[in-house]
Amino acid sequence: MPWLDTAERAARAAGQAIMAHYLGQHQIKVKGLRDIATEADLAAEAAALAVIRAECPQGFIVSEESNGEFVEHAGQITWFVDPLDGTTNYARGLPSFCVSVAAVLDGHPIAGVVYDPLDDQLFGAEYGQGAYLDGVQLHVSERTNLAESVVLVDWPRDQTLRQQSGRFLARVAPQVDTVRSFGAAAKAFCYVAAGWADVYLQFTLSPWDVAAGILILEEAGGMVTDLRGLPYELSQKSWLASNGLLHQHMVAMNPYA
């Protein structure tokens, strides 16, 4: 499938732009509450989109910084690009960020890549062909006991949703082994896919955050829904990703109570 190769080249191009700016002083633009962009976001997006437009000129693009309107085009490829997932980490020097690029057809990802340029790790998948990290096939964990599980979480920007997330985590934390937050949603999906963690949840994400991660996790044997356990749509805000075996345990705790 050519789309996976294009996704990889676009992600690596974005990663190169990110690293070119990593150690410098950043130009920070405030987009909203707890929402920023840097010069690296823009440079990485330009690099990724240049590859996609050259190799898939007929495709549509939904990208965080310059093409953020969510529109689906029936029967045609749409690219979902997060050129720098984890911008706050990046701007502060915290080493947890990545690039996410996915090709989507009729609402379902068919090829996707998440690239960590700092560690040079490439997670990738194409529909029906499994998920891989640098060529090694990924499988979710086999944990069935919440008490042994590692749960990943990221925090909503919206104050009300952040409070709601905090209340849910207050119910979850006593039931699990530990809770971690890395501040880059696309990486969190991949960490569950790799079996390094067992569950990931977030109350508000955008489609460019999740499109590649969904495919990588599902191809590794995991499950993705909304927080109520309903089948996902890329336009939804809440997300629950797991190894599948713990999914209903999380849903049963009712994140909206």
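Contacts of Glu218 classified as salt bridge (charged side-chain N to carboxylate O under 4.0 Å, His left out), with partners at least two apart in sequence or in another chain: none. Phe168 meets the ring pair (Phe, Tyr, Trp, His ring centres under 6.0 Å) test with no other residue; sequence neighbours excluded. Checked against side chain to side chain contact (heavy atoms under 4.5 Å, CB included), Gln25 has no partners two or more places apart in sequence or in another chain. Residues passing the ring pair (Phe, Tyr, Trp, His ring centres under 6.0 Å) test with Phe203 are Tyr256, sequence neighbours excluded. Contacts of Trp239 classified as ring pair (Phe, Tyr, Trp, His ring centres under 6.0 Å), with partners at least two apart in sequence or in another chain: Tyr232. Under the ring pair (Phe, Tyr, Trp, His ring centres under 6.0 Å) criterion, Phe97 pairs with Tyr22, Tyr90, sequence neighbours left out. Residues forming a side-chain hydrogen bond (donor to acceptor under 3.5 Å, both in side chains) with Ser96 (at least two apart in sequence, or on another chain): none. Applying the salt bridge (charged side-chain N to carboxylate O under 4.0 Å, His left out) criterion to Asp120, with sequence neighbours excluded, gives Arg12. With sequence neighbours excluded, the residues satisfying salt bridge (charged side-chain N to carboxylate O under 4.0 Å, His left out) with Glu55 are Arg9.
Judged by distance alone, the side chains of Thr87 and Asp41 do bring a donor and an acceptor atom under 3.5 Å apart.
Within the 4.5 Å cutoff, side-chain heavy atoms of Ile61 are placed close to those of Ile52. Using a 4.5 Å heavy-atom cutoff, the side chains of Val192 and Asp198 are not in contact. Looking only at side-chain heavy atoms (C-beta outward), Val172 and Met250 come within less than 4.5 Å of each other. Counting heavy atoms from C-beta outward, Val199 and Leu152 have side chains that stay 4.5 Å or more apart. Val176 places none of its side-chain heavy atoms less than 4.5 Å from the side chain of Val150. Side-chain contact between Leu227 and Leu201 is present, with at least one heavy-atom pair separated by less than 4.5 Å. For the pair Leu217/Ile214, no side-chain contact is recorded, criterion being any heavy-atom separation below 4.5 Å from C-beta on. In this structure, Leu240 and Val224 have side chains that are not in contact, with every pair of non-hydrogen atoms separated by 4.5 Å or more.
Summarising the geometry, atom CG belonging to Asp154 is positioned 11.0 Å from atom OG1 belonging to Thr204; distances are rounded to the nearest 0.5 Å. Summarising the geometry, atom SG belonging to Cys98 is positioned 11.5 Å from atom OH belonging to Tyr115; distances are rounded to the nearest 0.5 Å. Note that CG of Asn89 and CG of Leu84 are 9.0 Å apart. Values are rounded to the nearest 0.5 Å. Distance CG/Leu246 to NE2/His249: 6.0 Å, rounded to 0.5 Å. Note that CD of Gln58 and CD1 of Ile77 are 8.0 Å apart. Values are rounded to the nearest 0.5 Å. Between the OG atom of Ser149 and the CZ atom of Arg143 there is a distance of 8.5 Å, given to the nearest 0.5 Å.
The shortest non-hydrogen separation linking Leu4 to Ala125 is CD1-O, 3.5 Å. The two atoms that bring Val140 and Gly222 nearest to each other are CG1-N, 3.6 Å, heavy atoms only. Nearest heavy-atom pair across Gln121 and Asp134 is CA-OD2, 3.8 Å. Nearest heavy-atom pair across Pro117 and Met19 is CB-CG, 3.8 Å. Between Pro83 and Glu64 the shortest heavy-atom distance is CD-CB, 4.3 Å. Considering all non-hydrogen atoms of both residues, Met223 and Gly244 come closest at CB-CA, 3.9 Å.
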Given Val99 and Asp82, is the side-chain contact (heavy atoms from CB on, under 4.5 Å) satisfied, shown in steps?
-> CA-CA 6 Å; Val99 182; Asp82 191 342; over 6 Å; no
Hey, mind stepping through Thr38 and His21 against side chain to side chain donor-acceptor pair (under 3.5 Å) and telling me if it holds?
-> CA-CA 10 Å; Thr38 70; His21 292 262; over 6 Å; no
Give the intermediate values and the outcome of side-chain contact (heavy atoms from CB on, under 4.5 Å) for residues Val153 and Leu169.
-> CA-CA 9 Å; Val153 62; Leu169 285 176; 3.8 Å; yes
Check the pair Leu138 / Leu133 against side-chain contact (heavy atoms from CB on, under 4.5 Å), numbers first and verdict last.
-> CA-CA 7 Å; Leu138 299 176; Leu133 168 57; 3.7 Å; yes
Residue pair Asp85, Ser100: steps toward the side chain to side chain donor-acceptor pair (under 3.5 Å) verdict = CA-CA 7 Å; Asp85 185 21; Ser100 178; over 6 Å; no
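For CZ of Arg171, the number of neighbouring non-hydrogen atoms (other residues, nucleotides, ligands) closer than 6.0 Å is greater than 12. Annotation for Gln16: atom CD does not count as buried by contact number, only 12 or fewer foreign heavy atoms lying within 6.0 Å. More than 12 non-hydrogen atoms from other residues, nucleotides or ligands lie less than 6.0 angstrom from CD of Gln76. Within 6.0 Å of the CD atom in Glu233, the count of heavy atoms belonging to other residues, nucleotides or ligands does not exceed 12.
Glu45 places a side-chain N or O within 3.5 Å of a backbone atom of Glu65 that can act as its donor or acceptor partner. Judged by distance alone, with hydrogens and angles left aside, the side-chain atoms of Ser206 form no donor-acceptor pair with the main-chain N or O of Trp208 at under 3.5 Å. Checking side-chain atoms of Asn243 against main-chain N and O of Leu245 turns up a donor-acceptor pair under 3.5 Å. Under the 3.5 Å distance criterion, the side-chain polar atoms of Glu39 are matched with a main-chain donor or acceptor of Gln27. Judged purely by atom type and a 3.5 angstrom limit, Glu219 has no side-chain atom pairing as donor or acceptor with the backbone of Ala131. Proximity of a side-chain donor or acceptor of Thr6 to a complementary backbone N or O of Pro2 within less than 3.5 Å is detected.
By the rule that hydrophobic residues join a cluster once side-chain heavy atoms approach within less than 4.5 Å of another member, Ile18 and Val51 end up as members of separate clusters. Hydrophobic clustering keeps Leu234 apart from Phe60 (ILVMFWY residues linked when any side-chain heavy atoms are closer than 4.5 Å, directly or through intermediates).
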Identify all side-chain donor-acceptor contacts of residues 101-110 below 3.5 Å with residues at least two apart in sequence or on another chain.
from, atom 1, to, atom 2, distance (Å)
Asp106, OD1, Gly75, N, 2.6

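Among residue pairs with one or both ends in residues 180-195, those qualifying as salt bridge (charged side-chain N to carboxylate O under 4.0 Å, His left out) are Asp116-Lys187; sequence neighbours excluded. Counting only residues at least two apart or on different chains, the ring pair (Phe, Tyr, Trp, His ring centres under 6.0 Å) pairs with a member in residues 169-189 are Phe182-Tyr191, Phe189-Tyr200.
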